[in-house]
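Worksheet for the structure shown next.
All residue numbers in this chain count up from 1 along the given sequence.
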Amino acid sequence: MLFLQTGVSTFFSTPLNPFLGSAIFFTSYIRPVKFWERDYNTKRVDHSNTRLASQLERNPGSDDNNLNSIFYEHLTRSLQTSLYGDLALGRWGTVQAGDCYILASDYLNALVHIIELANGLVTFQLRGLEFRGTYCQQREVEAITEGVDEDDGCCCCSPGHFPHMLSANAAFNQRWLAWEVSAIKYVLEGYSISDNCAASMLQVFDLRKILITYYVKSIIYYVVRSPKVEQWVSNEAIQEAFKPCLERNYADLDPTFNPKIDEDYDHINTGISRHSFCNVYLNWIQHCASRRQQPINCDKDSHLVSLCFGMCVLGRRALGTASHHLSASSLESFLYGLHALFKGDFRIISEKDEWIFKDMEMLRRCVAPGVRMSLKLHQDHFTLPDEYDDNAALYDAISSHEENMVITHEGDPTWRNAVLSNTPSLLALRHVLDEGTDDYKIIMLNRRYLSFRVVKVNRECVRGLWAGQQQELVFLRNRNPERGSIQNAKQALRNMINSSCDQPIGYPIYVSPLTTSYSDCSTQLNSVIGGPLSFAGIKNKVMKLWTRLHHRCHMGCSSGGSGHGDRRDKDDTDGTPTQQQSAANPVSEAGPPGSLPAEGQQGLLQTPAHTRGSLTSSTGSMGKTGSPFIVLPSMIVESGTLKEALVQRVRIKEPSKVFDTLNTSKHVQWPDDSMRLTGGKNSWKAWYPEAGMEGNIVHSWMPSHREAARRSHVDKTILLVQIENKFVAIGESGVENITESEEV
């Protein structure tokens, strides 16, 4: 009977379960063989999907698991770029659909499930485990990372082993494992994560004074550099509010100010006076003003100094209000207030600061980035203590950090967009509430290549452990968090496999949707076997060959040739497009492959960028930067007709959906380099897209698109919108279409 049950169980893939722990076995339910996707409950919590009241009061999503899930999402994007090429090149060994692998590193441990493997593509799913794993998980990670080649034993003696071979004991032990190491050093692009305790860095009053000093200088930097500073200085309402500051003996006596943390504290007036403020910060104000392109009056009695004085007093008073006026005495209160300002929670409760409501942009563009930049400068102080004593070095450092680094709260959608866009460096202040602990950490991310161990796990072992957990928790109702079935077992990696199961059976911190990696995404694979074979590629090659033959024949048939033809032949041979345009035909000759030669083409048009219903090119060549016209050099003639596309005009409604660092990402292909150079905040400088701005859609990236040039690196459609002479990459949900009636 037992043999019969075994045969039935094998045929129908139904495991045998013992009855009450006896030797009597019963056939259980059929275990699924195929994979299907469901709606997983590992959605990241940030400011885009929570209410404002809960953000200010309860700080949702502050646990480590929710905040760390973004790194597994970034790891999924990196795998999407390179996985198929690595599988084709044999870096993961022999791979079949349904195989399960574990990627293990110092702090990232994930299970990769190969769902489908086809010609030119692979579909997979990644399940990220906890950063601070349990004791059982750490023991299994150690078993994966330990070197088996150091074992020299053979039975009860140690004779050693041959080079590049295992000893007898090591080989015997490896045969009894349900997993094997496929690759020791598998390199992926990711982020190195360093977290420093903020309490230890601000424990001493002198260190807090340094932070406040950088806070004030950062506010001054953003005030003087703002493009609206002249408007603020000339505002009569703001000037009226600052009239008391011009008095000789004026001093702000707010109890927030303290000589222990304020460098410009006036001991005579027991507060912050304009005279003491100028003694410390006037040189810095004048240096920032001298670096402006447009000169501005920065004398001691000027309106600019009054504005800087008022903004710096307001910023410090906001910090004192957030820390309940205990910033000078209690470290916990100081950190609480610093974190509140870091995430943008400013409470203006003093009547002296009501002038800020004349233009809230002063708070958003000067004070908010000032508190974030001061934290980075305070970090730099530990490595270069005296570097920022020079005003020029400090100004250059702030400008460099502003351009190359993203400093924001982890709940801000900007943080997620920056991580997925491969921003080189990021910094955040994290408040962790876990098991009664109240801790503040300074999180620093630097983009680099990470090394993983690729471990292949027996697929039947994974299915069996997942099915056993479902039966134990769902049917047998075993709710014990320390049940024996999830304890560590190095031979099967039981804890890591069970914890990667779907919630609520397991507890992964991130489960990716089904993600597809294509062969044309891998640069290494394309360099070995070439790009994908397609009709469009063949057509482009034929058109390029025909264009070169046409140029050669035209040059050979012309008696003596011409200077213009020689230059065009040289440009075509070198692959460098000419930068000059003919006066009779103002069209760029640097068309994409497949375009007709520019010579003699009088039918190409030059259309204003704001005209609706104009002709546009499929590649989006935009011509000269700053020109009010869109140049269309690459119209392809097919069957006597021209391809026409209607330019769609949109209006920005959510600036938070802007991908302001997409031009630095390697995971998307831009239609033109001129667009990429003006398509991010590193080229926008002080300008930034705002709600209500209008522009034309010139390109779009869609998830899992067949063409690499149209493929998005995230699971959302991204639109490239031209606003004046700048290009803005924004999510599709962040814009709204403009109808023809609205344009009229």
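In this structure the side chain of Asp264 reaches within 4.5 angstrom of the side chain of Ile272, judged on heavy atoms. In this structure the side chain of Asp106 never reaches within 4.5 angstrom of the side chain of Leu450, judged on heavy atoms. Between Tyr510 and Thr76, some side-chain heavy-atom pair lies under the 4.5 Å cut-off. Between Ile268 and Asp266, the closest side-chain pair of non-hydrogen atoms falls below 4.5 Å. Counting heavy atoms from C-beta on, the side chains of Ile398 and Leu377 come closer than 4.5 Å. Leu319 has its side chain within reach of Ile212: a pair of non-hydrogen atoms, C-beta onward, lies under 4.5 Å apart. Contact check for Tyr107 versus Asn68: no side-chain heavy atoms found under the 4.5 Å cut-off. The closest side-chain heavy-atom distance from Phe277 to Val313 is not below 4.5 Å.
For the pair Arg127 (side chain) and Ser499 (backbone), a donor-acceptor distance under 3.5 Å is absent. Judged by distance alone, the side chain of Tyr281 and the main-chain N or O of Ile220 form no donor-acceptor pair under 3.5 Å. Between the side chain of Ser273 and the main chain of Ser276, a donor-acceptor pair closer than 3.5 Å is present. Side-chain atoms of Ser290 come within 3.5 Å of backbone atoms of His287 as a donor-acceptor pair (strictly under, hydrogens ignored). In this structure a side-chain-to-backbone donor-acceptor pair under 3.5 Å is missing from Tyr215 to Cys312. At least one donor-acceptor pair closer than 3.5 Å links the side chain of Ser399 to the backbone N or O of Tyr395. Distance alone, capped at 3.5 Å, places no donor-acceptor pair between the Ser323 side chain and the Gly337 backbone. In this structure, Asp439 contributes its side chain and Lys441 its backbone to no donor-acceptor pair below 3.5 Å. Listed for the Ser333 side chain is no donor-acceptor partner under 3.5 Å among the backbone atoms of Ser330.
Remark: of the listed residues Arg372, His431, Arg430, Arg372 is the sole one forming a side-chain contact (heavy atoms from CB on, under 4.5 Å) with Phe342. Tested against Lys243 for a side-chain contact (heavy atoms from CB on, under 4.5 Å), the candidates Glu240, Glu247, Gln239 yield a single pass: Glu240. Partner of Met311 under the side-chain contact (heavy atoms from CB on, under 4.5 Å) criterion, out of Asp353, Val223, Leu363: Val223 alone.
In the model, His275 has no side-chain atom that pairs as donor or acceptor with a side-chain atom of Asn269 under 3.5 Å.
Between Lys716 and Glu732, none of the side-chain N atoms (NZ, or NE/NH1/NH2) sits under 4.0 Å from a carboxylate O, so this pair counts as no salt bridge. Looking at Asp359 and Lys228, a side-chain N of the basic residue comes within less than 4.0 Å of a carboxylate O on the acidic one, giving a salt bridge. With respect to the salt-bridge test (charged N to carboxylate O, under 4.0 angstrom), the residues Lys209 and Glu263 do not qualify. Salt-bridge annotation for Lys352 and Asp254: absent, with no side-chain N of the basic residue lying under 4.0 Å from a carboxylate O of the acidic one.
Between the CG atom in Leu335 and the CD atom in Gln203 there is a gap of 9.0 Å [rounded to 0.5 Å]. Between atom OG of residue Ser425 and atom OH of residue Tyr191 there is a gap of 8.5 Å, rounded to the nearest 0.5 Å. Here the CZ atom belonging to Arg77 is positioned 11.0 Å from the OG atom belonging to Ser665, to the nearest 0.5 angstrom. Rounding to the nearest 0.5 Å gives a distance of 11.0 Å between CG of Asp206 and NZ of Lys260.
Ring planes of Tyr250 and Phe309: perpendicular class, angle over 60° (limits at 30 and 60°).
The number of heavy atoms from other shown groups lying within 6.0 Å of NE2 (His303) does not exceed 12. In Lys358, the NZ atom is not crowded: 12 or fewer heavy atoms of neighbouring residues, nucleotides or ligands sit closer than 6.0 Å.
Cation-pi contact between Arg208 and Phe205: present, with separation from the ring centre below 6.0 Å and deviation from the ring axis of at most 45°.
In terms of heavy atoms, Thr664 sits closest to Arg447 at O-NH1, 4.3 Å. Taking each heavy atom of Ala318 and Leu341 in turn, the nearest pair found is O-CD1, 3.7 Å. Contact record, Ile718 with Val714: CD1-CG2, 4.0 Å, taken as the closest heavy-atom pair. Heavy-atom minimum distance, Pro259 versus Tyr265: CB-CD2, 3.7 Å. Pairing each heavy atom of His409 with each of His339, the nearest pair is NE2-NE2, 3.5 Å. The two residues Phe727 and Trp684 have their closest heavy-atom pair at O-CZ2, 3.2 Å.
Not counting sequence neighbours, Tyr214 has no partner by the ring-ring contact (aromatic ring centres under 6.0 Å, His included) test. Phe382 meets the side chain to side chain contact (heavy atoms under 4.5 Å, CB included) test with Met201, Leu207, His378; sequence neighbours excluded.
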Item to check | Verdict with reasoning, Asn422 to His713, per side-chain hydrogen bond (donor to acceptor under 3.5 Å, both in side chains) | outcome: CA-CA 11 Å; Asn422 278 336; His713 69 300; over 6 Å; no
Checklist entry - Under the side chain to side chain contact (heavy atoms under 4.5 Å, CB included) criterion, do Asn391 and Arg291 qualify, and how do the steps go? => result CA-CA 11 Å; Asn391 289 334; Arg291 302 285 289 266; over 6 Å; no
